[in-house]
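Each remark here refers to the structure printed beneath this line.
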Amino acid sequence: LFVNQYKSENDSSMARHHSSKLSKVREDVTDKTTIRAENEVEAHKLANNYRFGFRKWKSHVTERPFEVRSDVVKELYSDLNHLITCGNVVYVLLFGWWVSLVYLLVSILMVITIIGAPYGKLCWKLSLYFLWPFGKSIQEVIPEGVEDDKDLSPILLPSPTEEHIPDLLQAPPQNKRYWRCVSTYVWLLLGYPWLAVVHSLACLLSWLLVFTIPVAKMNARTLASILLMPPKSLIRVPQRTLLCCYHAVNWNYYKYTVDGINVFAVNLLPLVIISLVIGYVDKGNQFASSEVKFATAIVSIIPLSYYIGMGIASISAQSNFAVGAVVNATFGSITEMTFYITALLRGHRAGKACLQEVVKSALTGTLLGCILFIPGICMIIGGLRHREQRFNSRSAGVSSALLFISVGGVFAPTLFSKAYGNLVCDNCTDSMGGKTSGPFVCHNCHYDLNNYTLFHNHIEPLVYTVSVLLPFAYIIGLIFTLKTHSHIYDIHVGEGQVAGHQNAVVLWSRWRALVILIMATLLMSACADVTTEHIQPILSQPNISQYFIGVTVLAMVPEIPEIVNGIQFALQNNISLSLEVGSCIAVQVCMLQIPLLVLFNSFYDVGFVLIFCDLHLWASIFSVILVNYIFMDGKSDYFQGKRCLEDLT
């Protein structure tokens, strides 16, 4: 009996040991993160996405070979056989008929001149072509003795990264006589200018519509090369294709990028110039109201944020972790800091204390948006495509712990002032509208900071102490996650992924990225100045409060690129990065941005005091507690995302 009991205990201990070993292996497999990249630069960028303190960036920073692109992008390269589609019919209604009509009128004009008759014949053929270009092609004659070893792909086969297209403006040897003919100058004076205006307008409109980018490329190629070639080289027996088109509209063009920047952000760049012109030139609001200037300036921040994000990702991917950490810590907060400092300076000079509250509201709104809104919307969208998504709870726990410490440090002076300060209320009236007796309704309540003993001897030293400790805690977090305990993230590069493409072509070099970062920062400062200058009419509206503007518009608009990146990560079943997007921004707000504002106020007193109202205090603390609870199990679905958005509202 004793032997059997010993065997039973031994078997049970071996079973427990085997079970713990299996659970440990299962835990290691769960926490292991394997990334796939085409080259070393992309692998470095993807690894930075998982590191604490680094900006999460979805777009590629290098050119991608065609064979590794997605099926959606490959479809943009393919020649479609469906010529009669809804998009092609829309092209005829929006562009085809009037472009063809102008060609017909120019054709008549050139025939009347007699000497320009060859161009008139060319315009007649192009009139028929642009009315319905699908399935047709424009081809060039190759002179004898000239080898055609260049594979000229059609212009309407786009890609997120443009491939090199040989210069079609360089004339073959036989076309040197082109510039000696009188008909050439008749064409350039009477026919080409009208068609240049038409194609420029069609190119601009189709590019702004995004989904009709093939039409924009077709018009650009025609304007830059086709119309500047001799008519005989296009009318005779063709030997080389110059232009062809199979489809005018493709809904996948929302993914189109120019040098790694989404096409929507590129299209918003002219708005930056417009906002600066009307903001600084039209001082008397003769051509645009203050509301219009405020709206254009705040929207102009979106494309600048994209360029700043691309610059940070490019420099970090080509540098070591120390340089990447410094760049992310400095330029990662530049978008928000430019607005905060500009608003505080303008409020101090104009004597408007409301701008200080707007800045505090924007800080609180950024915290709430990054802690609840970004994870919530990513969980919902990702959960609709994937039933359940898992993430590394250990790495998420590090970010949530730092977030909890940082929020506690930021709101420590507020808690201290509420515990020992006096509440002062202004603009108080009773329920009957008078100022006699009865239940009062107060509209401006704040804690008295004029008490020299309380504020200068207790609260102010606490503010400076917190402002020193928070950046120090951020540095410790970087060392912990990047050096001493980097195994928590357990990032591995898939075997055979990087070896295939060693010679990566970087879209932005480090110097180019640095120059773009500086230019975008300067433009961001100018847009922030216009925004703060024309925010007062918005705050004067009776139904709009300074807290609403700060928490919603000023806090979330600069974070739109981060929101888009988080949603894209969630759609790819990488909810871990979606959650890290919000946590990274929130930690930087508490540990870097707020201490920098306190430091700036210590050198140049703008009246910024690190004491928040009750609503901001309890909303931020509650959101941090909620997000720590969500990060515990390492799983997410759309129901948890819905709960985050409900708690935010």
Q.
Set out, in order, the CA-CA distance, both residues' side-chain angles and the distance that settles side chain to side chain contact (heavy atoms under 4.5 Å, CB included) for Leu579 and Cys378, then state yes or no.
A. CA-CA 8 Å; Leu579 300 179; Cys378 293; 5.9 Å; no
*Taking only Lys NZ, Arg NE, NH1 and NH2, and the carboxylate oxygens of Asp or Glu, determine whether Asp637 and Arg390 approach each other closer than 4.0 Å.*
no
Exercise. Heavy atoms, side chains only, cut-off 4.5 Å: are Gln568 and Asn574 in contact?
Worked result: no
Under 3.5 Å, side chain of Lys635 to main-chain N/O of Glu388, donor-acceptor pair present?
no
Shortest non-hydrogen pair, Ala513 vs Gly311, comes out as CB-O, 3.8 Å
Subject >> Any side-chain heavy-atom pair of Lys360 and Leu610 under 4.5 Å >> reply: no
Practice prompt. For Asn573 and His386, indicate whether the former's side chain and the latter's backbone hold a donor-acceptor pair under 3.5 Å.
Written response: no
- Message: Checking Trp511 against Leu514 for the side chain to side chain contact (heavy atoms under 4.5 Å, CB included) test, could you report, in this order, the C-alpha distance in whole Å, the side-chain angles of both residues, the deciding distance, and whether it holds?
- Response: CA-CA 5 Å; Trp511 283 109; Leu514 181 60; 4.0 Å; yes
Output for pair (Glu357 CD, Cys613 SG), nearest 0.5 Å, gives 7.0 Å
| message | Any heavy-atom pair between the side chains of Ile380 and Gln640 that's under 4.5 Å? | response | no
Q.
Run the ring-ring contact (aromatic ring centres under 6.0 Å, His included) test on Phe411 and Phe612 for me, step by step, so that the C-alpha distance in whole Å, both residues' side-chain angles and the decisive distance to 0.1 Å come before the verdict.
A. CA-CA 7 Å; Phe411 289 97; Phe612 297 84; 5.0 Å; yes
Taking every heavy atom of Ile298 against every heavy atom of Val557, the minimum-distance pair comes out as O-CG1, 3.3 Å
Checklist line | Pair Met556-Thr552, side chain to side chain contact (heavy atoms under 4.5 Å, CB included): steps then yes or no | finding: CA-CA 6 Å; Met556 298 311 299; Thr552 56; 5.7 Å; no
When you measure from the side chain of Gln318 to the backbone of Trp508, do you find a donor-acceptor pair of N or O atoms at a distance under 3.5 Å? yes
Side-chain heavy atoms of Gln588 within contact of Tyr474, under 4.5 Å: yes
Separation between OG (Ser636) and CD1 (Ile575), nearest 0.5 Å, reads 4.5 Å
_Using side-chain heavy atoms (C-beta onward) and a distance below 4.5 Å, is Thr366 in contact with Ile585?_
yes
*asked:* Taking atom OH as the centre, does Tyr638 end up with more than 12 heavy-atom neighbours from other residues, nucleotides or ligands that are less than 6.0 angstrom away?
replied: no
Item to complete: Evaluate the criterion side chain to side chain contact (heavy atoms under 4.5 Å, CB included) for residue pair Met524 and Ile334; output intermediate values, then yes/no.
Response: CA-CA 9 Å; Met524 183 77 69; Ile334 201 69; over 6 Å; no
The side chain to side chain contact (heavy atoms under 4.5 Å, CB included) partner of Phe264 among Tyr254, Tyr256, Tyr306 is Tyr254
Heavy-atom closest pair (Phe331 atom, Ile308 atom, distance to 0.1 Å) is O-CG2, 3.8 Å
Between Leu372 and Cys644 the two heavy atoms that sit nearest each other are O-CB, 3.6 Å
> Is a side-chain N or O of Asn565 found less than 3.5 angstrom from the main chain of Pro561, in a donor-acceptor match?
Replying inline: yes
Closest non-hydrogen contact found for Cys527 with Val272 is SG-CG1, 4.0 Å
- Query: Just by modelled atom types, is the Ser620 backbone N or O under 3.5 Å from a matching donor or acceptor in the Ser623 side chain?
  - Reply: yes
Next on the checklist: Is any side-chain heavy atom of Ile315 closer than 4.5 Å to one of Leu517?
Outcome noted: yes
Examine distances only and state if a side-chain atom of Ser319 and a backbone atom of Ser316 form a donor-acceptor pair shorter than 3.5 Å. no
* Taking Arg510 for its side chain and Ser314 for its backbone only, find out whether a donor-acceptor pair lies under 3.5 Å. => no
Residue Phe404 excluded, over 12 heavy atoms near CZ under 6.0 Å: no
Separation between CH2 (Trp207) and OH (Tyr253), nearest 0.5 Å, reads 9.5 Å
*Above 12 or not: heavy atoms from other molecules or residues under 6.0 Å from CZ of Phe548?*
no
Separation between CD1 (Ile381) and CD1 (Ile567), nearest 0.5 Å, reads 4.0 Å
Please answer whether the main-chain N or O of Ala570 pairs with a side-chain N or O of Gln389 as donor and acceptor at a distance below 3.5 Å.
yes
Within the 4.5 Å heavy-atom criterion, are Glu559 and Glu336 side-chain neighbours or not?
yes
Are any side-chain N or O atoms of Ser578 and backbone N or O atoms of Gly566, one a donor and one an acceptor, separated by less than 3.5 Å? yes
Between the CG atom in Leu367 and the CD1 atom in Ile594, the distance rounded to the nearest 0.5 Å is 6.0 Å
Is there side-chain contact between Leu269 and Tyr307, with heavy atoms separated by less than 4.5 Å?
-> yes
Between Cys590 and Pro595 the two heavy atoms that sit nearest each other are O-CD, 3.2 Å
One should read off an interatomic distance between Leu368 CG and Ile374 CD1, to the nearest 0.5 angstrom, of 11.5 Å
Review point. Hey, is the main chain of Thr338 close enough, under 3.5 Å, to the side chain of Ser525 for a donor-acceptor pair?
Key: no
